[in-house]
Amino acid sequence: MATTADAVPPVTPPATPPAIWARGLSRAFGEVRAVDAVDLDVRRGSVTALIGPNGSGKTTLLLMLAGLLAPDTGELLVAGADPTRSAQARSRIGWMPDAFGTWESLSATEILTTMGGAYRLGPTQSRRRAAELLATVHLSEFADAPAQVLSRGQKQRLGMARALVNRPQVLLLDEPASGLDPRSRIDMRTLLRSLAQAGTTVLISSHVLAELDEMVDDAVFLARGATVSSAGLLAATSAQRRWRLHSLDATALTVWADRAQVRLIPDTDAPAGAATVLVELPDERAAARLLADAVGAGVPISELARRSAGCWSRPI
Ligand SMILES: Nc1ncnc2c1ncn2[C@@H]1O[C@H](COP(=O)(O)OP(=O)(O)OP(=O)(O)O)[C@@H](O)[C@H]1O
Ligand SMILES: [Mg+2]
């Protein structure tokens, strides 16, 4: 049966497509249009955030990009090929789902060597790769422990290691930062930045951009299955997203920021002795949330303002 979508002629991909290229990508579940005519360009060697609220289609989109779910319509190239049609293309992709899955009775090493086998690494090579990756995600001490004894955050890290076994060109991560403590988050940021530096393309989903603080170069926003903005792509530069925060009690501010996982940036331009710091926030809504949270926790905030040019003696 012809549908409206069928009537749209296929789009010819560019001669040298970006690492992830999609046009008119759609997938429905019954009446729900989970992903609705999404266009996507993710450049090689970048870390790009895929941001959207619950049910906005992030997982559905990532599953299609990973070649694990067939689109209803649309064109798609990941690392140069269509992963829904080509096993070779899938072998160039690393996929980390939002939940660890059903591997729990295997040890961390067994999980990684099993993946290695699936990617046709020999037993020695698989074991070497497993040890290397467990060290990378700081889980060497759990090498022989069954995955079920790992904490949620440790499982997240093992999931990251599993996604890296095949040295993917494109790494797709579904909410990897949720459940990570601040230290693990910094480790993840370091790991992703070094992978990107070496040419790996990373697409990473989250509900809020702030969670991926300093991890990403670009951001794509999804709402009800459609991209709502990806121009530019991070329209606001990190400097433009900075807000000045003044507390009457520096200790209370630091204690709260630690607990709330808010990164406080020292403000070198602030007058000496002032408990003034900078925070990076994507928008005013995030600023309002941060203020409510801090005040609710008893931090005596006396000022929160967008750090605009001219506010301080030195330009940002
Ligand atoms: N297998 C499925 N069967 C039916 N509906 C589905 C299925 N998978 C997803 N959906 C629906 O598609 C929409 C998008 O879901 P999806 O899981 O992609 O969102 P998400 O952005 O990843 O959400 P979350 O932040 O909660 O993980 C939702 O309305 C969801 O109910
Ligand atoms: Mg999801």
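Just follow the structure's listing: the first ligand is 1, and inside any ligand the first atom is 1. Since we're looking at a predicted model, the values are computed, not measured.
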(Q) Applying side-chain contact (heavy atoms from CB on, under 4.5 Å) to Leu171 and Leu203, what does each step give before you reach the verdict? (A) CA-CA 6 Å; Leu171 186 57; Leu203 184 62; over 6 Å; no
Any chance you could lay out the salt bridge (charged side-chain N to carboxylate O under 4.0 Å, His left out) test for Arg263 and Asp258, step after step, and finish with the verdict? CA-CA 8 Å; Arg263 194 171 70 93; Asp258 260 3; over 6 Å; no
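Leu191 is connected to Leu134 through a chain of hydrophobic side-chain contacts under 4.5 Å among Ile, Leu, Val, Met, Phe, Trp and Tyr, so both are in one cluster. Cluster annotation: Val277 is not connected to Leu248 through the hydrophobic network of ILVMFWY side chains, with a link wherever side-chain heavy atoms come within less than 4.5 Å.
Taking every heavy atom of both residues into account, Ala37 and Ser26 meet most closely at N-OG, 2.8 Å.
Donor-acceptor pairing under 3.5 Å is lacking for the side chains of Ser194 and Gln197.
Among the atoms of Ser205, no N, O or S atom falls under 2.8 Å of the Mg ion (ligand 2).
Protein neighbours of ligand 1 below 4.0 Å, counting non-hydrogen atoms: Phe29, Val32, Ala34, Pro53, Asn54, Gly55, Ser56, Gly57, Lys58, Thr59, Thr60, Glu175, His207.
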